[in-house]
Undergrad: 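Before I ask anything, here is the structure I am working with.
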Amino acid sequence: MNVLKGMARVTLFGSRNDGSGVSFEPSRDIPSLAGKIILITGAAGDLGRQTTIELARYGKPARIYIADLPLDEDGKKELLNRIDREVHDGSAFNEEQDTTPTDLRYIDLDLTSFESVQKCAAEFIAQEERLDLLVLNAGIIRIMPGKTKEGYEIHFGLNYLGHSLLARLLTATMKRTAQQPDADVRLVVVSSEGHAMAPKGGIQFEKLKTDCAKMSYSQRYGQSKIALIAFMREFGHRSPEIRTVAVHPGRIITGMAASLGKESRLARVTAPIAPLLCVPVSVGIKNYLWAATSPNVISGKYYEPVGVPDKETSAAKDEELSRKLWDWTEAELRGAGILE
Ligand SMILES: NC(=O)c1ccc[n+]([C@@H]2O[C@H](COP(=O)([O-])OP(=O)(O)OC[C@H]3O[C@@H](n4cnc5c(N)ncnc54)[C@H](OP(=O)(O)O)[C@@H]3O)[C@@H](O)[C@H]2O)c1
């Protein structure tokens with residue numbers, strides 16, 4: 001019943017992140033991030049890229065790593081130049097004061113492959129001693145039934161399992177950073193209101209190593225997004241020195257709209273009115289930026305919209321599900337020879 005109620009709420013009303021939450025203005029509220037090191041997955045995409053731009057423009061951290069699907073050298077240079085230009089085009093930019101602009105770097109990451117995730121983490125660790133903020137943002141929606149390289153359902157394998165492995169591989173660096181004076185280390189997980197569409201019980205563990213073709217697209221996406229909330233909560237219990245938080249950005253027309261349109265008749269039919277139901281990228285990223293920087297963020301919480309906790313479904317609040325997912329994940333990664 002709760003699953004049905006959740007699906008109806010999301011389908012009919014959604015959460016527009018339309019300013020009804022806590023007020024957050026990047027130019028006013030992003031504090032100095034001087035000296036901090038940040039890694040954002042999927043930051044070539046719309047929400048991740050704009051988050052990178054705003055953090056660099058107003059917080060000026062030492063470095064931001066953009067971890068996204070492999071690009072050739074020209075592609076990387078073009079993307080980094082584009083982001084850099086936008087950082088400096090902002091009205092807040094003052095050339096005289098900006099003596100230490102943020103260094104932007106690209107790391108290849110394919111979340112559908114354990115090997116690629118391991119390479120990404122190793123490349124990061126080879127370059128950095130610290131990690132202050134990890135944003136697990138990359139994601140797919142409504143992809144045809146398929147599996148990752150290691151055979152997991154594609155949404156679950158990419159949105160959740162690849163990210164979970166990346167976070168595990170970077171945990172030691174984050175914990176070391178947390179011991180530094182004045183540290184405020186955070187893990188921000190980008191989930192979705194769509195977690196309410198997850199199948200009964202939240203996660204169907206016995207089906208995760210299939211393409212789950214009998215589930216609907218929404219259920220497969222929902223399963224991956226509820227897993228991210230469960231992971232965030234359990235990670236927070238196990239690493240209390242790291243502030244962990246999950247967010248829903250709102251509904252925004254981004255790169256994801258392309259795959260939605262391809263696979264969903266409803267999305268195609270409603271495309272002309274979609275702008276009325278969606279918020280701009282600049283609004284969608286407020287929850288990211290708030291979660292990444294606000295002193296008021298409570299670890300272990302899911303926020304939807306900005307700064308409003310506890311709106312996740314009861315399945316997403318289930319501590320038993322979080323523990324079960326953690327144990328299942330450890331067993332899978334051990335089986336793959338990644339964890340001892
Ligand atoms: N837009 C919304 O309304 C909405 C609502 C709720 C939640 N979200 C969440 O917000 C996050 C960002 O999405 P977005 O709207 O900004 O979409 P987007 O523009 O499509 O960005 C997603 C990024 O993830 C990358 N990606 C795809 N497959 C990957 C892989 N195998 N390994 C590494 N990176 C991969 C994409 O690369 P390519 O572009 O090259 O494929 C893209 O750069 C997602 O987690 C999404 O679920 C979005």
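Both counts, for ligands and for their atoms, begin at 1 and track the order of listing. Along the sequence shown, residues are numbered consecutively beginning with 1.
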Undergrad: Is it true that a side-chain atom of R130 and a backbone atom of I37 form a donor plus acceptor pair closer than 3.5 Å?
TA: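 No; zero donor-acceptor contacts below 3.5 Å.
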Undergrad: Report yes if some heavy atom in the side chain of F114 is under 4.5 Å from a heavy atom in the side chain of L161; otherwise report no.
TA: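 SC-SC contact between F114 and L161 confirmed.
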Undergrad: Got the closest protein heavy atom to atom 9 (C) of ligand 1, with its distance?
TA: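 Checking every protein heavy atom, the shortest distance to atom 9 (C) of ligand 1 gives V190 CG1, 3.7 Å.
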Undergrad: Note the single closest protein heavy atom to atom 25 (C) of ligand 1, along with its residue, its atom name and the distance in Å.
TA: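 Here the closest protein heavy atom is D68 OD1, 3.5 Å.
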Undergrad: Say whether, by atom type as modelled, one donor and one acceptor occur between the side chain of E25 and the main chain of S27 under 3.5 angstrom.
TA: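 No; judged by distance alone, with no hydrogens or angles, the pair does not exist.
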Undergrad: Where's the contact between N137 and ligand 1, heavy-atom distance under 4.0 Å: side chain, backbone, both or neither?
TA: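 N137 to ligand 1: contacts from backbone and side chain alike.
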Undergrad: Which residue owns the protein heavy atom closest to atom 3 (O) of ligand 1, what's the atom, and how far is it?
TA: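 Going atom by atom, the protein heavy atom closest to atom 3 (O) of ligand 1 ends up being I252 N, 2.8 Å.
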Undergrad: Which of the numbered atoms in ligand 1 are under 4.0 angstrom from any heavy atom belonging to A44?
TA: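 Going through ligand 1 atom by atom, the ones under 4.0 Å from A44 are 43 (O).
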Undergrad: Return a yes/no value for L158: is any of its N or O atoms, backbone included, closer than 3.5 angstrom to an N or O of ligand 1?
TA: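 It does not: no N or O of L158 is found under 3.5 Å from an N or O of ligand 1.
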Undergrad: Do the side chains of S239 and M174 get nearer than 4.5 Å, heavy atoms only?
TA: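 Counting from C-beta outward, M174 and S239 never come under 4.5 Å.
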Undergrad: For the 3.5 Å polar cut-off, considering only N or O atoms, please tell me whether G45 and ligand 1 meet it.
TA: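 There is such a contact, yes.
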Undergrad: Based purely on interatomic distance, does H248 place a nitrogen or oxygen under 3.5 Å from a nitrogen or oxygen of ligand 1?
TA: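 The answer is no, given that H248 and ligand 1 share no N or O pair closer than 3.5 Å.
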Undergrad: Could you tell me whether K225 approaches ligand 1 through its side chain, its backbone, both or neither, with non-hydrogen atoms closer than 4.0 Å?
TA: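 Just the side chain.
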Undergrad: Measure the distance from atom 15 (O) of ligand 1 to every protein heavy atom, then report the residue, atom name and distance (to 0.1 Å) of the closest one.
TA: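 Here the nearest protein heavy atom works out to T254 OG1, 2.5 Å.
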Undergrad: If the threshold is 4.0 Å, N to carboxylate O, is there a salt bridge linking E193 and R251?
TA: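 Counted as a salt bridge, because a side-chain N and a carboxylate O are separated by less than 4.0 Å.
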Undergrad: Within the distance-only criterion (no hydrogens, no angle test), does the side chain of H163 pair as donor or acceptor with the backbone N or O of L111 below 3.5 angstrom?
TA: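 No, the answer is negative, given that no donor and acceptor are paired below the 3.5 Å cut-off.
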Undergrad: Strictly below 4.0 Å, N to O, side chains only: are E86 and R82 in salt-bridge contact?
TA: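 Yes, this pair counts.
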Undergrad: Looking only at protein heavy atoms, identify the closest one to atom 47 (O) of ligand 1 and say how far it is in Å.
TA: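 Result for atom 47 (O) of ligand 1: Y221 OH, 2.7 Å.
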Undergrad: Applying the ring pair (Phe, Tyr, Trp, His ring centres under 6.0 Å) test to F156, which of W328, F205, Y221 qualifies?
TA: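 It is W328, the one option of W328, F205, Y221 that forms the ring pair (Phe, Tyr, Trp, His ring centres under 6.0 Å) with F156.
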Undergrad: Closest by any non-hydrogen atom to atom 40 (O) of ligand 1: pick that one out of V281, L228, L69.
TA: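 Among V281, L228, L69, the closest heavy atom to atom 40 (O) of ligand 1 belongs to L69.
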Undergrad: Contact between S116 and ligand 1, counting heavy atoms under 4.0 Å?
TA: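 Contact check S116 vs ligand 1: negative.
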Undergrad: May I ask you to identify the nearest protein heavy atom to atom 17 (O) of ligand 1, giving residue, atom name and distance to one decimal place in Å?
TA: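 Scanning the protein heavy atoms, the shortest distance from atom 17 (O) of ligand 1 goes to M256 CG, 3.1 Å.
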Undergrad: With heavy-atom distances below 4.5 Å as the criterion, would you say the side chains of F235 and V189 are in contact?
TA: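 F235 vs V189: side chains apart.
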Undergrad: What about Y288 and V281, same hydrophobic cluster or not, with Ile/Leu/Val/Met/Phe/Trp/Tyr joined at side-chain heavy-atom distances under 4.5 Å?
TA: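 Yes, Y288 and V281 fall within the same hydrophobic cluster.
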Undergrad: If you measure from atom 8 (N) of ligand 1 to every heavy atom of P249, S192, G42, which option wins on shortest distance?
TA: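 The residue whose heavy atom sits nearest atom 8 (N) of ligand 1 is P249.
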Undergrad: Select one of side chain, backbone, both or neither to describe which atoms of S191 lie under 4.0 Å from any atom of ligand 1, heavy atoms only.
TA: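 Backbone only; the side chain of S191 stays clear of ligand 1.
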Undergrad: Give the numbers and elements of all ligand 1 atoms closer than 4.0 Å to a heavy atom of G250.
TA: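 Near G250, the atoms of ligand 1 are 2 (C), 3 (O), 4 (C), 5 (C), 6 (C).
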Undergrad: What residue pairs, at least two apart or across chains, pass salt bridge (charged side-chain N to carboxylate O under 4.0 Å, His left out) with a residue in residues 113-125?
TA: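 Applying salt bridge (charged side-chain N to carboxylate O under 4.0 Å, His left out) to every pair that reaches into residues 113-125, excluding sequence neighbours, yields E115-K149.
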Undergrad: Verify, without hydrogens or angle tests, whether S322 (side chain) and E234 (backbone) share a donor-acceptor contact under 3.5 angstrom.
TA: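 Not at all, since once roles are kept as given, no pair shorter than 3.5 Å links the two residues.
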Undergrad: Can you check whether P249 reaches K286 side chain to side chain, under 4.5 Å on heavy atoms?
TA: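 No, their side chains stay 4.5 Å or more apart.
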Undergrad: Under 3.5 Å, N or O to N or O, is L47 touching ligand 1 that way?
TA: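 Yes - when backbone and side-chain N and O of L47 are compared with those of ligand 1, one distance drops under 3.5 Å.
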Undergrad: L111 to ligand 1: N or O pair under 3.5 Å?
TA: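 Between L111 and ligand 1, an N or O pair is found under 3.5 Å apart.
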Undergrad: Which atoms from ligand 1 have a heavy atom of R251 less than 4.0 Å away?
TA: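 In order of number, 3 (O).
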Undergrad: Provide the full list of salt bridge (charged side-chain N to carboxylate O under 4.0 Å, His left out) pairs with a residue in residues 161-173, sequence neighbours left out, each pair given once.
TA: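 Listed once each, the pairs are R168-E330.
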Undergrad: Give me the nearest non-hydrogen protein atom to atom 33 (C) of ligand 1 as residue plus atom name, then the distance to 0.1 Å.
TA: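 Looking only at protein heavy atoms, the one closest to atom 33 (C) of ligand 1 is L109 O, 3.2 Å.
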Undergrad: By number and element, which atoms of ligand 1 are closer than 4.0 Å to a non-hydrogen atom of Y288?
TA: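 The atoms of ligand 1 under 4.0 Å from a heavy atom of Y288 are 10 (O), 11 (C), 12 (C).
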Undergrad: Report the nearest protein non-hydrogen atom to atom 19 (O) of ligand 1: residue, atom name, distance rounded to 0.1 Å.
TA: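 The closest one turns out to be D46 N, 3.0 Å.
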